Amino acid sequence: MSIVVTGATGALGRLVVDALLATVPAGEVVAVVRDKEKAAALAARGVELRIADYDRPESLAGAFRPGDRVLLISGSEVGKRVAQHAAVIDAAKAAGVAQLAYTGVLGGPDADFTLADEHKATERLILDSGLPYTFLRNGWYTENYTANLAPALEHRAVLANAGEGRVASATRADYAAAAAAVLTGDGHLNTAYELSGDTAWSLAEYAALLSELTGEEIPYKNVPAAAHQEVLVGAGLPEGFAAILVDVDEAIGRGRLAGTSGDLARLIGRPTTPLAETVRAALAAA
């Protein structure tokens, strides 16, 4: 039996592997990757590599073994993910894996925004497969904001169309630690976890924090959805992706990413990383 992480060279996947290697021997960890060269650092740490591609179902036939515990990290190509995930699910079922964990979205079937559609479809496919599952319904990443500080700092404003909505975000490392916990622990089969940060914060509070830490006046500017879409497209984002981000802001305004179930902190055995800590680190690195 191995613990298998798909998408292991991605931003979340690498952190999951790091968390696993802090808990189990490297010989028990497998990274499923498209590019062997990109995964060289993982191989150097003793992690087994299995080369496969979500877009080539035939390549997934050798990615899993009977009894493996598998983490399916959702693909990044919106619009293609259901077919990609279906290929992984089919391969996992054919191999007879013991667990299929999936990184979905906070709210699961109740999430009512466009970005959630493919996650909901994937959960249905996993349930229909009959595989023992664990749904890791990840909330918003704090890095979705802190990795894009430049526009806020340059224009001295946090621009969004989220109104007074709140976000219970956590860091990728927090979510990665939760994934490692369910892959290495017991009692997580056929269970769904609503994962989010311990504290929900508003974008006005985020802007106030930026102002405090930079010494600059950086207000939160709430704008209509159409105006925000125009700004994002003007900044170079593809129109479809910009529309998804605007739709997420609308969902934040409805409270869809504000839930604080406590599941994440319980799984990782510590409080989630505070917003201020992540913002300070991002500013120091800027």
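Bear in mind that the values here come from a model prediction, so they are computed numbers and not experimental data.
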Which value, rounded to the nearest 0.5 Å, describes the distance between [X] atom [atom1] and [Y] atom [atom2]?
X	Y	atom1	atom2	answer
I126	N190	CD1	CG	11.5 Å
L264	N138	CG	CG	8.0 Å
R14	R172	CZ	CZ	13.0 Å
I244	L232	CD1	CG	12.0 Å
N161	E250	CG	CD	5.0 Å
D249	I252	CG	CD1	5.0 Å

Does the plane of the ring in Y102 sit parallel, tilted or perpendicular to the ring in H119? Use 30° and 60° as the thresholds. tilted

Aromatic ring pairing Y193/H188, orientation class (parallel under 30°, perpendicular over 60°, tilted between): perpendicular

Do [X] and [Y] sit in one hydrophobic cluster, given that two such residues count as connected whenever their side-chain heavy atoms are within less than 4.5 Å of each other, even indirectly?
X	Y	result
L149	L245	no
L210	V231	no
L159	F241	no
L15	V24	no
V16	Y141	yes

Closest contact, heavy atoms only, [X] versus [Y]:
X	Y	answer
A98	L189	O-CD2, 4.1 Å
A207	Y220	CB-N, 3.6 Å
P271	A265	CA-CB, 4.4 Å
E143	T146	CA-OG1, 3.3 Å
A242	L237	CB-CB, 4.3 Å
A168	G259	CB-O, 3.4 Å

In this structure, are over 12 heavy atoms from other groups packed under 6.0 Å from E77 atom CD? yes

Flag yes if more than 12 heavy atoms outside E58 fall under 6.0 Å of its CD atom; otherwise flag no. yes

Could you check whether any side-chain heavy atom of [X] comes within less than 4.5 Å of a side-chain heavy atom of [Y], counting everything from C-beta outward?
X	Y	value
E48	V29	no
Y206	V279	yes
R65	S2	no
R137	T103	no
F113	V105	yes
L71	T134	no
R81	T122	no
K80	D55	yes

Expected output: side-chain [X] to main-chain [Y] donor-acceptor under 3.5 Å:
X	Y	value
D263	E194	yes
S129	L127	no
T6	I73	yes
R50	V32	no
S196	G139	no
N148	N144	yes
S59	D53	yes

Using a strict 4.0 Å threshold on nitrogen-to-oxygen distance, state whether [X] and [Y] make a salt bridge.
X	Y	result
K120	E118	no
D174	R270	yes
D90	K93	no
E217	R156	no

Apply side-chain contact (heavy atoms from CB on, under 4.5 Å) to L136 and Y175, showing your working. CA-CA 9 Å; L136 299 167; Y175 293 116; over 6 Å; no

Do D112 and R256 pass the side-chain contact (heavy atoms from CB on, under 4.5 Å) test, and can you show the C-alpha distance, the side-chain angles, and the key distance before you say yes or no? CA-CA 8 Å; D112 61 354; R256 292 305 191 186; 3.2 Å; yes

Could you go step by step and tell me if L131 and V70 meet the side-chain contact (heavy atoms from CB on, under 4.5 Å) rule? CA-CA 11 Å; L131 285 167; V70 177; over 6 Å; no

Between W201 and Y145, is the gap from one ring center to the other below 6.0 Å? yes

Residues in salt bridge (Lys or Arg N to Asp or Glu O under 4.0 Å) with R69, at least two apart? D186

For V223, which of Q229, E230, H228 qualifies under side chain to side chain contact (heavy atoms under 4.5 Å, CB included)? H228

Show, in sequence, the C-alpha distance, side-chain angles and deciding distance for I218 and V158, and conclude whether the side-chain contact (heavy atoms from CB on, under 4.5 Å) test is met. CA-CA 7 Å; I218 303 177; V158 173; 4.2 Å; yes

